[in-house]
Amino acid sequence: MRTQYCGLVCQTDLGQTVFLCGWVARRRNHGGVIFIDLRDREGVVQVVCDPDHLACFETAESVRSEYCVQVRGVVRARPAGSENAELASGQIEVLCKSLTVLNPSASPPFVLDDDSLSENTRLTHRVFDLRRPKMQRNLKLRHRVATEMRCYLDQAGFIEVETPLLTKSTPEGARDYLVPSRVHPGSFFALPQSPQLFKQMLMVAGFDRYYQITKCFRDEDLRADRQPEFTQIDCETSFLNEDEIRALFEKMIRTVFKNVLNVELSEPFPVMPYSDAMYRFGTDKPDLRIKLELTELTDVMEDVDFEVFSAPANREDGRVAALRIPHGGALSRGEIDGYTEFVRLYGAQGLAWIKVIDAAKGRDGLQSPIVKNLHGRALAAILARTGAQNGDLIFFGADHEKVVNHSLGALRLKIGQSEFGAAHALFESGWRPLWVIDFPMFEYDEETARWSARHHPFTSPKDEHLEQLESDPGHCLAKAYDLVLNGWELGGGSVRIHREDIQRRVFSAMNMSADEARQKFGFLLNALRYGAPPHGGIAFGLDRIVAMMAGADSIRDVIAFPKTQRAQCLLTQAPSQVDEYQLRELHIRLQS
């Protein structure tokens, strides 16, 4: 039906007869000559229909936007002065000899180049939305990224292995999606949050290097970079330590960015311990493009008369920190109040501040309601540690450590990415990768009053912390690592536990009884008994990587058929009710 794609017709085809198929993007009648912009996935070509070919011309008069048509025509150069430099086919046009309507179109739900559309409208009419050139570019980009990763992993000796989508429910940090079994009434499968246990067992089975581009499922609250079903590049390898694993996959990311975007990422990627990331940036995925850092002041504030600072400074889980904003003295009181309301969203009670008018004058050169409550040593330490200069503004956070980190970390991002940040060079464009390592092995869950795994319970503790598993789990560090790029976590992984005795000790540290461990993970514990090799791996979020490369605000823009933030598919109206017969087959009764 066609000889080539519309968007690929070019000057080398001059004088050739071509057959093209596509959709009518625009139809224009100029003085008895009809021009049709014909679009397919590769772009647009201009088709000219003139009255000399009467049947063709009459058909052209009847076509409308989004009609699916076939064109037979001759490629010719555009008249001088009518070239279109914005199109790959902009130097030529196709003189139409035959025009066939393959399928007419109803009135489109919206105009494809309308950038003001609501996301709900786009997702409701997703099939039509996917015709937009931007969406087609995004999905083609996704294809290229996946292809490059497959090529790299294949050349590095990895074997692609599919793992089950119907599996056993195991705790991995989020709620499972459950699937009732008709054959086994009252029993359920779970959709996998990740292929974690299966890929470990593939290492025990001796496959040495595994990968899979796979769907994962988590029933959790959604946001711009989360979906209930998402795609991971899941990888596992044997007989490599932490440094070797990071080097292998750092090279993969560098290769993909070079081959897809022609972007050279730094070599090697910088490495930062988790503790440094939290204290300097308030987050374990810092955006290094922003030239702002937190300053630790907890020790300085222990003996000040200002209880807002001294109380958290004397708590075991408290923190007092500062965020210096160069040139921030220019911010109005209204803008400062706006930032105060912003940090309340992250649990902060307020936002204290000091404007530096003349640092050389000490207390007399500072402007703030709190200055009178701080002794001279504290004020001197604030200026010295933050490096504040005349005209700067210093914000303070004082609360539980988590609240301070979350609130000041978010404030750092907001100011750095604002117009103010751009105007004062607080933001540096580009790509800034970072490995974050040495994560805590456990975190304490106040609700259950027990330790839970920070990453997952199959992550290996640092060798030097093995003896602390039972006595002091809160101070154990894990052989875990995350790859961060521009404030987004691209992937995370760890060296796994490959010995049954250590795995049992980790379960015990989480207050998991031997019977509970056997019931939930008996198949893994049994596999570890048969000479399991040292192994580890990583999983990358394909959706996030492509979204970053595409400059998309949400991963929904790089997924063909995504869910909304309420976990709904507006195109198919899923989830939906099912009939009583289906429920009876599954031995399920709904409560009224």
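Here the structure is a predicted model, which is why all the values come from computation and not from measurement.
E296 and T298 share a donor-acceptor pair across their side chains, judged by distance under 3.5 Å alone. Defined by atom type and a distance below 3.5 Å, a donor-acceptor pair is present between the side-chain atoms of E250 and W435. Judged by distance alone, the side chains of D399 and Q349 never bring a donor and an acceptor atom under 3.5 Å apart. Residues S169 and D176 bring a donor and an acceptor atom of their side chains to less than 3.5 Å of each other. Looking only at atom types and distance, the side chain of N259 has a donor-acceptor partner in the side chain of E148 under 3.5 Å away. In this structure, a donor-acceptor pair under 3.5 Å is present between the side chains of Y210 and Q212.
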Exercise. Output, in order, the C-alpha distance, side-chain angles, deciding distance and verdict of ring-ring contact (aromatic ring centres under 6.0 Å, His included) for Y444 and W451.
Key: CA-CA 5 Å; Y444 193 71; W451 293 98; 5.1 Å; yes
Quiz item: Which is it for F158 and Y152 under the ring-ring contact (aromatic ring centres under 6.0 Å, His included) test, yes or no, and what are the steps along the way?
Solution: CA-CA 9 Å; F158 283 78; Y152 177 88; 7.9 Å; no
Exercise. Start with the C-alpha distance between L477 and F439, add both sets of side-chain angles, then the distance that settles side chain to side chain contact (heavy atoms under 4.5 Å, CB included), and finish with yes or no.
Key: CA-CA 6 Å; L477 297 182; F439 283 81; over 6 Å; no
Exercise. Take S266 and R432 through the test side chain to side chain donor-acceptor pair (under 3.5 Å) and record every step on the way to the result.
Key: CA-CA 8 Å; S266 60; R432 298 294 301 277; over 6 Å; no
Quiz item: When you look at L542 and V546, which way does the side chain to side chain contact (heavy atoms under 4.5 Å, CB included) test go after all the steps?
Solution: CA-CA 6 Å; L542 178 63; V546 178; 3.9 Å; yes
Practice problem: Go through the steps to decide whether F521 and F458 satisfy the test ring-ring contact (aromatic ring centres under 6.0 Å, His included), and finish with yes or no. | Solution: CA-CA 10 Å; F521 305 109; F458 322 111; 5.3 Å; yes
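Considering only heavy atoms from C-beta on, L411 comes within 4.5 Å of F342 through its side chain. V506 has its side chain within reach of I497: a pair of non-hydrogen atoms, C-beta onward, lies under 4.5 Å apart. Side-chain contact between M135 and R122 is present, with at least one heavy-atom pair separated by less than 4.5 Å. Taking 4.5 Å as the limit, every side-chain heavy atom of K199 sits out of range of all side-chain heavy atoms of T163. Under the 4.5 Å side-chain criterion, counting only non-hydrogen atoms from C-beta, W431 is in contact with L485. The closest side-chain heavy-atom distance from F249 to C235 is below 4.5 Å. P433 places none of its side-chain heavy atoms less than 4.5 Å from the side chain of I253. No side-chain heavy atom of L297 sits under 4.5 Å from any side-chain heavy atom of R319.
The pair D445-R450 does not count as a salt bridge, with every side-chain nitrogen at least 4.0 angstrom from each carboxylate oxygen. Looking at R566 and D221, no side-chain N of the basic residue comes within less than 4.0 Å of a carboxylate O on the acidic one, giving no salt bridge. Ion pair D234/K215 not flagged as a salt bridge, since none of the NZ, NE, NH1 or NH2 atoms sits closer than 4.0 Å to an Asp/Glu carboxylate oxygen. The existence of a salt bridge linking R150 and E160 is confirmed by a sub-4.0 Å separation between a basic side-chain nitrogen and an acidic carboxylate oxygen. A salt bridge does not link R175 to E220: none of the charged nitrogens lies less than 4.0 Å from a carboxylate oxygen. Look at D284 and R454 and you find a salt bridge, because one of the NZ, NE, NH1 or NH2 atoms lies within 4.0 Å of a carboxylate O, short of that distance.
The number of heavy-atom neighbours closer than 6.0 Å to CD of E464, taken from other residues, nucleotides and ligands shown, is above 12. Taking a 6.0 Å sphere around NZ of K258, one finds it holds more than 12 heavy atoms contributed by other residues, nucleotides or ligands. Around atom CZ of R499, no more than 12 heavy atoms belonging to other residues, nucleotides or ligands sit under 6.0 Å away. Other residues, nucleotides and ligands contribute only 12 or fewer heavy atoms inside 6.0 Å of the NE2 atom of H143. More than 12 heavy atoms of other residues, nucleotides or ligands shown are found within 6.0 angstrom of CG on D337. Within 6.0 Å of the NZ atom in K134, the count of heavy atoms belonging to other residues, nucleotides or ligands does not exceed 12. Heavy-atom contacts from other residues, nucleotides or ligands closer than 6.0 Å to NZ of K402 number 12 or fewer.
Although no hydrogens or angles enter the test, the distance criterion places a donor-acceptor pair under 3.5 Å between the side chain of S452 and the main chain of E443. A distance-only check finds no donor-acceptor pair linking the side chain of R289 to the backbone of L426 [under 3.5 Å]. The main-chain N or O of D557 is never found under 3.5 Å from a side-chain atom of S554 such that the two would form a donor-acceptor pair. A donor-acceptor pair is defined here as one N or O able to donate and one able to accept, closer than 3.5 Å; no such pair exists between the side chain of H465 and the backbone of Q468. Here the side chain of T283 pairs no donor or acceptor atom with the backbone of P286 at under 3.5 angstrom. Side chain of D392 to main chain of Q389: a donor-acceptor pair is present (N/O by atom type, distance under 3.5 Å, no hydrogens or angles). The backbone N or O of D208 sits nowhere less than 3.5 Å from a side-chain atom of E236 that would complete a donor-acceptor pair. Within the 3.5 Å criterion, the main-chain N or O of K563 finds a donor-acceptor partner in the side chain of Q227.
Shortest non-hydrogen contact noted between V343 and G350 is CG2-O, 3.9 Å.
Rounded to the nearest 0.5 angstrom, I502 CD1 and S508 OG are separated by 13.5 Å. Going from atom CZ of R412 over to atom CG of L292 covers 6.5 Å, rounded to the nearest 0.5 Å. Atom OH in Y481 sits 12.5 Å away from atom CG in D438 (nearest 0.5 Å). Rounding to the nearest 0.5 Å gives a distance of 9.5 Å between CD of Q155 and CG of L153. Separating the CD1 atom in I354 from the CG atom in L374 is a distance of 6.0 Å, to the nearest 0.5 Å. Atom CG in D243 sits 12.5 Å away from atom CG in L248 (nearest 0.5 Å).
Between E242 and the options K462, K479, R496, a salt bridge (charged side-chain N to carboxylate O under 4.0 Å, His left out) holds for only K462. Applying the side chain to side chain contact (heavy atoms under 4.5 Å, CB included) test between V558 and each of M548, R137, R142, R544 identifies R142 as the sole match.
Geometrically, R254 engages F269 in a cation-pi contact, judged by NZ or CZ lying under 6.0 Å from the ring centre and within 45° of the ring axis.
Annotation: side chain to side chain donor-acceptor pair (under 3.5 Å) contacts involving residues 354-363, sequence neighbours excluded, are absent.
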